[in-house]
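Notes follow the structure.
Within every chain, numbering begins at 1; the chains are lettered A, B, ... in the order of the sequence lines, protein sequences first and strands thereafter.
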Amino acid sequence: MEKVIEIRNLSKNFKDINAVNELDMEVFKDEMFCLVGPDGAGKTTLVRVLCGILKPDSGCFSIFGLDGRKDRNKIKRRIGYLSQKFSLYGDLTIDENISFFAKVHNVKEFKDEKDVLLEKMGIEKFGNRLAERLSGGMKKKLALACTLIHSPDILFLDEPTTGVDPVSRREFWEILADLKREGITILITTPYMDEAERCDRVAFMYNGSILSCDYPHIIKEKFDKRIMEVVCSPIREVYKYMETIEKIESIHIFGDRLHLVFDEVKISVQEIKEELIKRDFNIYNIRLISPSLENIFIMKMEKRTGE
Amino acid sequence: MNNDISIYVEGLTKRFGDFTAVRDVSFEVKKGEIFGFLGANGAGKSTTIRMLIGILEPTSGYAIVGGYNIIENVEMVKQSIGYMSQRFSLYEDLTAKENLNFYGGIYGLDEKELKNRVSWAVEAADLSDKEDVLAGELAGGWKQRLALSCALLHKPKIVFLDEPTSGVDPISRRNFWNLIQSITDEGVTVFVTTHYLEEAEYCNSLAFIHNGEIITKGTPSALKKNVIKRKVFEIESQEPDKLIDCFKAEEFVDDISILGLKVHIIPNREDINKDYISGFLKNKSLEFKKIDEIEPSLEDVFIELIKLKRENV
Ligand SMILES: Nc1ncnc2c1ncn2[C@@H]1O[C@H](COP(=O)(O)OP(=O)(O)OP(=O)(O)O)[C@@H](O)[C@H]1O
Ligand SMILES: [Mg+2]
C-alpha cells in the first residue's frame, strides 16, 4: 500500500510538556485514518505540525514523499485543514466565504467547483445566507466546503463534529464517505468512538505517542474479554452492587444500560445473570454484545491511569 | 407557586427581527432534578438558557428561576444560578487558578470563603497540577472541568450547563457525569443540553425543542415508549453503509440509523422478526454478524422525532 504520510520520531514540546513525543505513524493512500485519545494526548498538536502550522522540535515527516520541513509550501497546496476552532466569516454569505477561501488558496476558477461542493454539502439553496445565520451543522458543512475548494488530496479534520446534533452528524459522515470514495485520504480526530469505528484504521494516542494502531475489527478481535449489556433500573444501585463482585473486571454505565466486562474463565454468563436476578432490581434486557471501540478505549484508559 | 419547582417557564418567546428563535415555550423543572434540554443545532436551546439566566431579555412570556422572576429580578436570578456556556467562557490568558479567583470575585465571595471554594474546585476538577497553566492552553477535558467549577464556586442552587461535554473524551465525560450526580444528591438542580444522547439517559426528565417550539417532554423511558411504538432491531455488520443503502429502498423498513458498525432499523410491520431480517439480508448476500431486538435508545427517539417533523413540513 502506498504511504501518503510517514512520521518518524517526531517530537514537539511546549515548555516542559512533550505534546508529541518521539511519535511514529503512517497513513496509507485513500484511507480514512482516525486518531483517538484522551484530552491532552497531543492529537491537535500532531495535526498542526503535519499541516505546517507548528514546527516540530525533532524527528521528521513526509507527506506525498515531500519533506515536512523543506517542502512546506508544496505540501500546503495539497492538503485541506479543518481546525477545531475553524471560524467562518459570520458577516459573509456562504458564497462569499467560499470565494474568500478560494482566493486564499490562489484558486482562480472556482465557480463550478463551488456549485458542486455546495450541492454535495446539501446547502446549495442557502448561498446568499450569512454564515452566522446558519445552524451549527450547516456551518460545519460550509467549513468543510471551504477546506475543499482547492481540491486537496488529503484532508485533516480536527474534531469536525463536535457540537453537531445527531442528525447532522450522520449527514456529515455520509459526506465524508463520499469524499473517501472520490479518492481523498482523510485523517480525522474525534471524541466520538462510534465515529472512530467507521474509519479504516484507528490510532490510539496517549501522552504524545501512538500506543496502538490497527483496523477496528482487529482491535476488537484482540480484545479477549466478554461484554454483557444489561438494561436495568435503578441503574446506579445496580452499578454499585455489581462493583462489589470482584470477578467482573470493569463496569461502565452508558445511559440506561450497564456494560459488564469479564473474563469467561473467571465468571460465567450464567453466574452473572444469577447475581442480577437474585436482587430486587428491574432488569429489562440482558444480552452479550460485541465490544465497541468505546468499551476498549475506556478499558485501555483505566489500565493506564491505574498504573 | 409549588415549592418543589425550581424553574417555572411560561410562554417564553424570543424574536430576533422577524425571526422567532424561541416560541411560546412552557415547562417546569423540579428541585434536585437533572433536566435535559435536547434539540438539533439552531433549535433554540442556548437562546432559552440565556433568557433563563437573565442575560437576554424575552420578547414575551416569563420564567421564575430559583424563586425570582427573570424579568423583574434579574440581579437575584444571576446571583442564585451557575452557568457554563457552550464556549466554556474562560479567560484564556489567565491561569486556571486566576480564572477561579476571578469568578469567585464576581460572585462576591469573601476572602476566606473564596480560598475554601477555590481549593474545593481544584480538588473536584482534578486540576492540582494544572493550577498555573493558562486556560487557553488546557486541553478540552480540563477546560471543561475548570469552567464547571467556576460555575459552581458560589454554591448555586441551580446550574445551567450548555453542552458541557462537547469535545470531551469518553472518560472525562463519565467523570463529569459522576460529579453532576453528586451535586444533585445535594439538592442542586441541573439544567443541561447535550448532543450525546446516551448522556440524556442520566436526566430525570427531558424536553425536545424543535424550531423554537417544545415538541415533547417526559422521562427517558416514557419518551421511548411514546415515540417509538414499534420494535427496534440492531444489526451488526462490517459494511453498515451497504446495509443502509439496501434498507433505504425497502418498503418494510420505516426508520434506519447507524451507530458505528451497528445499524438500527424500525420495521413498519408487527410480524417482522429476527428471522425475517436475517433471511432478507442473506437473500441479498449482505454480510452481517448479528441481529438483536433491542430497547430503543434516545438516539433512536431523537432521529424519529426529527423525521416526523420534517415529514410534516
Ligand atoms: N443574537 C441573535 N440574532 C439573531 N439570531 C439569533 C441570535 N441568537 C440566536 N439566533 C438564532 O436563533 C436560533 C436558535 O439559536 P440557538 O443558539 O438558541 O440554538 P441551539 O439550540 O443552542 O443550537 P446549537 O445546538 O447549535 O447550540 C438560530 O437560528 C440562531 O441563528
Ligand atoms: Mg446552543
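Contacts with chain A were tallied for B:Pro170, B:Gly42, B:Ser166; B:Pro170 has the most, counting heavy-atom pairs under 4.5 Å. Chosen from A:Ser168, A:Gly137, A:Pro166, the residue pairing most often with chain B at heavy-atom distances under 4.5 Å is A:Pro166. Between chain A and the options B:Asp292, B:Leu298, B:Thr194, B:Asp241, the largest number of non-hydrogen pairs under 4.5 Å is found for B:Asp292. Chosen from B:Ile303, B:Thr165, B:Leu197, the residue pairing most often with chain A at heavy-atom distances under 4.5 Å is B:Ile303. Taking B:Glu163, B:Glu234, B:Lys290, B:Arg174 one by one and counting their heavy-atom pairs under 4.5 Å with chain A, the maximum is reached by B:Arg174. Most heavy-atom pairs under 4.5 Å with chain A: of the set B:Glu137, B:Gln181, B:Glu236, B:Lys289, this distinction falls to B:Gln181. In terms of non-hydrogen atom pairs under 4.5 Å with chain B, the most contact-rich of A:His217, A:Arg287, A:Arg169 is A:Arg287. Counting heavy-atom pairs closer than 4.5 Å to chain A, the top residue among B:Ala40, B:Cys203, B:Pro240 is B:Ala40.
For chain B, no part of A:Lys139 is nearby; none of its heavy atoms comes within less than 4.5 Å. If you measure heavy-atom distances from A:Ser290 to chain B, the contacts under 4.5 Å come from both the backbone and the side chain. For B:Glu295, the parts sitting under 4.5 Å from any heavy atom of chain A are the backbone and the side chain alike. Heavy atoms closer than 4.5 Å to chain A are found in the side chain of B:Lys224, but not in its backbone. In this structure, chain B has no heavy atom under 4.5 Å from any part of A:Val36. At a 4.5 Å heavy-atom cutoff, the contact between A:Val231 and chain B is made by side-chain atoms alone. In this structure, the portion of A:Lys220 lying under 4.5 Å from any heavy atom of chain B is its side chain and not its backbone. In this structure, no portion of B:Phe16 lies under 4.5 Å from any heavy atom of chain A. With a threshold of 4.5 angstrom between heavy atoms, A:Glu195 does not approach chain B through any atom at all. When heavy atoms are compared at a cutoff of 4.5 Å, B:Glu293 approaches chain A solely by way of its backbone atoms N, CA, C and O. Residue contact with chain B, scored on non-hydrogen atoms closer than 4.5 Å, is absent for A:Glu229.
Side chains of A:Asn295 and A:Ser292: a donor on one and an acceptor on the other come within 3.5 Å.
The CD1 atom of A:Ile298 sits 8.0 Å away from the CZ atom of B:Arg173 when rounded to the nearest 0.5 Å. To the nearest 0.5 angstrom, B:Lys225 atom NZ is 5.0 Å from B:Ser221 atom OG.
Around the CZ atom of B:Arg15, the shell of radius 6.0 Å holds no more than 12 heavy atoms that belong to other residues, nucleotides or ligands.
With salt bridges taken as basic N to acidic carboxylate O contacts below 4.0 Å, one links B:Glu304 and B:Arg230. We find that B:Asp245 and B:Lys242 are not joined by a salt bridge, their nearest charged nitrogen and carboxylate oxygen being 4.0 Å or further apart.
Side chain of B:Asn41 to main chain of A:Ser135: no donor-acceptor pair is present (N/O by atom type, distance under 3.5 Å, no hydrogens or angles).
Within the 4.5 Å cutoff, side-chain heavy atoms of B:Pro164 are placed close to those of B:Val192. Proximity of B:Lys248 to B:Ile244: side-chain heavy atoms (C-beta onward) are separated by under 4.5 Å at one or more points. At least one side-chain heavy atom of A:Thr45 sits less than 4.5 Å from a side-chain heavy atom of A:Phe14.
Taking the centre and axis of the six-membered ring of A:Phe172, the NZ or CZ atom of A:Lys140 falls outside the cone set by 45° and 6.0 Å.
Smallest separation of non-hydrogen atoms from A:Phe126 and A:Gly122: CE1-O, 4.4 Å.
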